[in-house]
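See structure below.
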Protein chains: 2
Amino acid sequence: MIQKVDMDTKVKFLHGFAHKIRIQILECIKEEEKTVSQIVKDLNGNQSSISQHLACLKGCGLIRGRQEGKYMYYSLRNQQVRDLLSMFDAVLEDVENDVESCENHID
Amino acid sequence: MIQKVDMDTKVKFLHGFAHKIRIQILECIKEEEKTVSQIVKDLNGNQSSISQHLACLKGCGLIRGRQEGKYMYYSLRNQQVRDLLSMFDAVLEDVENDVESCENHID
DNA sequence: CTAACATATTAACAATTTCTAATATGTGTG
DNA sequence: CACACATATTAGAAATTGTTAATATGTTAG
């Protein structure tokens with residue numbers, strides 16, 4: 001094997017982060033598992049849409065679901081995914097600062 | 001401000017990772033800056049396509065370009081982006097292992 | 001069993017993204 | 001200046017992804 005991680009798996013995994021609603025879902029369940037309806041309410045979203053994005057996130061390996069009675073609880077897959085989310089924020093603060101300090105004021 | 005990092009900026013940033021060619025470009029220049037034609041050759045890709053993805057990555061804040069004569073050298077924006085790429089691999093090894101150990105062999 | 005609720009799935013359509021080919025721009029060299 | 005080369009841009013077609021509304025499935029309570 002030339003690369004440790006299969007490229008298609010990686011693309012799929014990263015694709016999970018590439019949509020506003022999916023990022024919101026991830027952040028919404030970052031600290032605690034939630035049911036689909038809690039997520040729908042929190043994001044003020046549409047049930048079908050959220051459900052599809054949840055399926056996507058699960059397929060990407062970012063979250064896991066646990067059924068309890070008629071409720072489905074979703075949570076981040078593991079601590080590493082949580083760390084990634086935190087890292088995004090850290091890197092982004094930096095990016096935003098850079099953008100700010102790049103504003104050229106040519107008088 | 002409720003959140004430190006603007007959601008649209010975050011979506012845009014993460015979108016940068018959401019395509020096979022873009023990930024390949026990032027990995028290709030992970031350790032050293034390269035010119036467009038070097039990247040095109042390394043990835044065995046199409047000049048126009050690579051150029052567009054480079055523009056995308058730059059717009060996402062993931063890479064930076066430095067012109068030298070008629071060449072344009074691209075490199076990762078900073079060490080943090082490099083760290084993110086490494087972290088993806090680390091998390092993914094885990095994901096792949098999980099998938100493996102989840103294969104149920106019911107005899 | 002049936003009703004009520006939670007979630008998932010489907011299908012058609014809309015929106016977005018990507019690809020390809022052609023062309024444009026920019027830069028150094030003779 | 002003219003040519004060669006490196007890279008960027010454009011535009012339209014093709015492919016992918018997302019949305020919406022309707023419906024299906026699964027679970028518990030009565």
Side-chain angles (χ1 to χ4, degrees), chain A residues 6-29 32-77 102, chain B residues 7-29 32-77:
Chain A
D6 175 61
M7 175 57 77
D8 291 332
T9 305
K10 188 185 285 197
V11 175
K12 193 176 173 190
F13 177 78
L14 291 174
H15 185 79
F17 295 106
H19 191 280
K20 188 168 186 171
I21 292 180
R22 288 197 293 273
I23 299 173
Q24 288 175 321
I25 290 175
L26 291 172
E27 291 184 345
C28 170
I29 62 175
E32 49 184 7
E33 63 173 13
K34 288 188 183 163
T35 66
V36 177
S37 27
Q38 280 179 296
I39 298 169
V40 169
K41 194 197 279 180
D42 285 6
L43 302 190
N44 193 25
N46 157 305
Q47 186 266 319
S48 171
S49 173
I50 299 284
S51 188
Q52 286 174 82
H53 284 298
L54 284 167
C56 172
L57 287 167
K58 202 165 161 206
C60 295
L62 291 174
I63 64 175
R64 67 202 160 86
R66 172 179 75 82
Q67 181 140 26
E68 188 178 308
K70 60 181 175 180
Y71 296 98
M72 194 68 178
Y73 286 88
Y74 283 102
S75 54
L76 297 190
R77 181 196 196 82
C102 270
Chain B
M7 176 56 77
D8 292 331
T9 305
K10 188 184 287 197
V11 174
K12 192 175 173 190
F13 177 80
L14 291 174
H15 185 79
F17 296 105
H19 191 280
K20 187 168 186 172
I21 292 179
R22 289 197 294 273
I23 299 173
Q24 288 175 321
I25 290 174
L26 291 171
E27 292 184 345
C28 171
I29 62 176
E32 49 185 7
E33 63 174 14
K34 288 189 183 163
T35 67
V36 178
S37 27
Q38 280 179 298
I39 298 169
V40 169
K41 194 196 279 181
D42 284 8
L43 302 190
N44 193 25
N46 156 305
Q47 186 266 319
S48 171
S49 172
I50 299 285
S51 188
Q52 288 174 80
H53 284 298
L54 283 167
C56 172
L57 287 167
K58 202 167 163 205
C60 294
L62 291 174
I63 65 176
R64 66 202 161 85
R66 172 180 76 81
Q67 182 140 28
E68 191 179 306
K70 61 181 176 180
Y71 296 98
M72 193 69 178
Y73 286 88
Y74 283 102
S75 55
L76 297 192
R77 180 198 197 81

- Should B:Met7 and A:Glu27 be marked as a side chain to side chain contact (heavy atoms under 4.5 Å, CB included) after you check the CA-CA gap, both sets of side-chain angles, and the distance that decides it? CA-CA 11 Å; B:Met7 176 56 77; A:Glu27 291 184 345; 3.6 Å; yes
request  = Using a 4.0 Å heavy-atom cut-off across all strands, classify B:Tyr73 as base, sugar-phosphate, or nothing.
outcome  = nothing
Margin query: Classify A:Ser37 by what it touches in the nucleic acid, base, sugar-phosphate, or nothing, heavy-atom distance under 4.0 Å.
Written below: sugar-phosphate
Roughly how many Å is it from [atom1] in [X] to [atom2] in [N], rounded to a whole number?
X: A:Lys70; N: D:dA24; atom1: NZ; atom2: P; result: 20 Å
X: A:Arg66; N: D:dG26; atom1: CZ; atom2: P; result: 20 Å
X: A:Ile63; N: C:dT7; atom1: CD1; atom2: C1'; result: 13 Å
X: A:Glu68; N: C:dT7; atom1: CD; atom2: P; result: 12 Å
X: B:Arg22; N: C:dC19; atom1: CZ; atom2: P; result: 9 Å
X: A:Gln38; N: C:dA6; atom1: CD; atom2: P; result: 11 Å
X: A:Ile50; N: D:dT20; atom1: CD1; atom2: C1'; result: 13 Å
X: A:Gln67; N: C:dT7; atom1: CD; atom2: C1'; result: 9 Å

With a 3.5 Å cut-off and just heavy-atom distances, do the side chain of [X] and the base of [N] make a donor-acceptor pair?
X: A:Gln47; N: C:dA6; result: no
X: B:Ser49; N: C:dT18; result: no
X: A:Ser48; N: C:dT9; result: yes

Taking the minimum atom-to-atom distance to the side chain of [X], which one of [options] wins?
X: A:Leu54; options: D:dA8, C:dA8, C:dT18; value: C:dA8
X: A:Gln52; options: C:dT17, D:dA21, C:dT20; value: D:dA21
X: A:His15; options: C:dT20, C:dT7, D:dT17; value: D:dT17
X: B:Tyr71; options: D:dA6, C:dC19, C:dT7; value: D:dA6

Q.
Please determine whether a side-chain nitrogen or oxygen atom of A:His53 lies at a distance below 4.0 Å from atom OP1 or OP2 of D:dT19.
A. yes
| query | If only side-chain N and O atoms of B:Tyr74 are considered, is one of them under 4.0 Å from the OP1 or OP2 phosphate oxygen of D:dA6? | reply | no
Separation between SG (A:Cys56) and CD1 (A:Ile25), nearest 0.5 Å, reads 9.0 Å
Around atom CG of B:Asn44, are there more than 12 heavy atoms from other residues, nucleotides or ligands closer than 6.0 Å? no
By nearest-nucleotide position on DNA chain C, the 5'-leaning member of B:His19 and A:Thr35 is A:Thr35
Across all chains, not counting sequence neighbours, the salt bridge (charged side-chain N to carboxylate O under 4.0 Å, His left out) partners of A:Lys34 are A:Asp42
If each end axis of the helix from C:dC1-D:dG30 to C:dG30-D:dC1 is fitted on five C1' pair positions, the angle between them, to 10 degrees, is 20°
Exactly one candidate in A:Gln24, A:Arg22, A:Lys20 meets side-chain contact (heavy atoms from CB on, under 4.5 Å) with B:Val11; the answer is A:Lys20
side-chain contact (heavy atoms from CB on, under 4.5 Å) test vs A:Leu54 passes for just one of A:Val36, A:Ile29, A:Ile21, namely A:Val36
Counting only N and O atoms by type, is there a donor-acceptor contact under 3.5 Å from the side chain of A:Glu33 to the main-chain atoms of A:Thr35?
no
**Request:** Could you verify whether a donor N or O on one side chain and an acceptor N or O on the other, from A:Ser49 and A:Asn46, lie under 3.5 Å apart?
**Result:** no
